[in-house]
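Right, one structure below, let's go through it.
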Amino acid sequence: MPEVGTEQNPLRVAIVGAGPTGFYTAEQLFKQKQYTVEVDMYERLPTPFGLVRYGVAPDHQKIKSVTKIFDRVAKKPGFRFFGNVELGKDISVADLRNYYHQIVYTTGAQTDRSLGIPGEELDGSYAATEFVAWYNGHPDFRECKFDLSVERAAVVGVGNVAVDVCRILSRTPEELARTDIADYALEALRESNIREVYMIGRRGPAQAAFTTPEIKELGELEDAEVWVPPAEATLDELSEQALAESSDRATTRKVEIIQSYAEERPTDKSRKLVLRFLVSPVEFIGDENGHLQAIKLVKNELYKTEAGTLRPRHTEEYETVPMGIAFRSIGYRGVPLPGVPFKESWGVILNEAGRVIDSDSGEPVTGEYTAGWIKRGATGVIGTNKPDAAETVDAMMDDLAGGQILDPANPGAEAAREMVEAQQPRRFTYEDWLALDEIEVARGEEQGRPRVKFTTVEKMAEALDK
Ligand code: NAP
């Protein structure tokens, strides 16, 4: 048998998860010109692009143009897409080990972190991750119901996801109608009574996780005025000192923008977006029907840890704010994959620089790798996953050179396709996706929108059959 990685015996790689990291990993693999590589990309949904399709906010279309790069990767000889094929349901790790030399898990982070406070499970308290997936038309979340008949909403956390949720709740139906938000979400938000949205940060403006363009954009909404209580916009002494010492210009700019929102301005806007800092929810309070009716907040102060970071500490000062709905937006968490070692405390696959590590022996699991959010946790923007994927591919190439790869019983591409189609007859190809994409965009054009998404697997299959 010729060596693995030659034209006669290509290196066969399975990538599990067709989000940005999956594509960056494939791109990096195809750059290894000394080897002939074949990539089969598995995705449990029929459509590729993961969070670019189902996470990036519908009013942030520019960010989605990164898919052009992914389309180019998908055109490379040796690339195949197996959509609607789920690891743990339609195929197993053992199957993959029978057909590939290397496997890379790039499944991202699909669930939310919890606050761990009383009342978190009340009706009206939701994970922001669910709301995001719902308004983006994710097939698994389209049936979710959010009671938008209330007047005041809270979003807990001050990261970019919290900003996305605040914006979507605060935009007018006309603004939303220019986006590719799911049709049902557009209708629900059209009927929304929410007039006040509170974004709640446990630390101060200088520690806010959102980025400058995102916070600036909140000041540009058509019918929502953003406001920060002046006392909370003012930096405490420790933050002031830390900022001066760091001369961090991005944070300085961010703080300036936040402080500009503390100035009272005359406004005729009908909605209000209130940014709160140095407060933490300590309880979600329900009514007699178990529905959220208020949030109890405690005021925090910052203290310096030994490592020099500023952390929040509760004071004795409390307030209760009437609240009809709340979204917890304090970070995403990875979900374990059946048969893959997992580090529960971090919500990531157990790994060292991308090599999956066996939980018992502490040694690398031959042929298995990971990249992206499921490797390092839910941090960074889409582009952060590119160098992350490159690190993993470096490890894969080192192992290939050192002969540390799997020895699959059926290494042929044809055999892999037959196995998948036997186990999931309704699999979607990349050509299927390109056809769906064209139909969605055409449906959008009729309405002056970027696209109108299909939000069920059945409708996607039906459209292709036509
Ligand atoms: P994130 O950036 O990690 O923000 C999480 C927020 O939750 C922080 O403000 C954090 O405060 C807060 N938090 C954590 N635990 C808390 C608790 N127990 N009580 C109160 N607050 C708590 O996470 P994310 O917003 O989910 O975003 C994930 C990643 O995607 C980020 O890297 C983000 O930049 C990226 N993203 C980017 C865009 C974009 O580029 N437009 C859009 C969406 C997401 P502390 O700082 O005090 O921990």
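Indexing begins at 1, ligand by ligand and atom by atom, following the structure's order.
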Tell me which part of [X] gets within contact of ligand 1: side chain, backbone, both or neither, using heavy atoms under 4.0 Å.
{"X": "Leu115", "answer": "side chain"}
{"X": "Asp164", "answer": "side chain"}
{"X": "Thr379", "answer": "backbone"}
{"X": "Ser329", "answer": "backbone"}

In ligand 1, which numbered atoms sit nearer than 4.0 Å to a non-hydrogen atom of [X]?
{"X": "Gly159", "answer": "2 (O), 4 (O), 6 (C), 9 (O), 25 (O)"}
{"X": "Glu214", "answer": "39 (C), 40 (O), 41 (N)"}
{"X": "Ala209", "answer": "2 (O), 4 (O), 8 (C), 9 (O)"}
{"X": "Tyr332", "answer": "26 (O)"}

*Nearest heavy atom to atom 42 (C) of ligand 1 wins, so pick from Asn160, Val163, Ile382.*
Asn160
*Tell me which one of Gly116, Ser280, Gly55, Gly157 gets a heavy atom nearest to atom 12 (C) of ligand 1.*
Gly157
*Would you call the rings of Phe49 and Tyr430 parallel, tilted or perpendicular if under 30° counts as parallel and over 60° as perpendicular?*
perpendicular
State whether a side-chain donor-acceptor pair under 3.5 Å links [X] with [Y].
{"X": "Asn385", "Y": "Arg376", "value": "yes"}
{"X": "Tyr24", "Y": "Asp388", "value": "no"}
{"X": "Gln28", "Y": "Thr25", "value": "no"}
{"X": "Arg311", "Y": "Thr305", "value": "no"}

When you compare ligand 1 with [X], is there at least one nitrogen or oxygen pair between them that comes in under 3.5 angstrom?
{"X": "Arg203", "answer": "yes"}
{"X": "Trp373", "answer": "no"}
{"X": "Val161", "answer": "yes"}
{"X": "Val158", "answer": "yes"}

*Are any non-hydrogen protein atoms located under 4.0 Å from atom 10 (C) of ligand 1?*
no
*atom 3 (O) of ligand 1 within contact range, any protein heavy atom under 4.0 Å*: no
*On the ring face of Phe30, is Arg72 found with NZ or CZ under 6.0 Å from the centre and within 45° of the axis?*
no
Please determine whether a side-chain nitrogen of the Lys or Arg among [X] and [Y] lies less than 4.0 Å from a carboxylate oxygen of the Asp or Glu.
{"X": "Lys453", "Y": "Glu440", "value": "no"}
{"X": "Arg276", "Y": "Glu232", "value": "yes"}
{"X": "Glu214", "Y": "Arg167", "value": "no"}

*asked:* Please confirm whether the ring centroid of Trp373 lies under 6.0 Å from the ring centroid of Tyr332.
replied: yes
*For atom 20 (C) of ligand 1, what is the nearest protein heavy atom, given as residue, atom name and distance?*
Arg202 CD, 3.7 Å
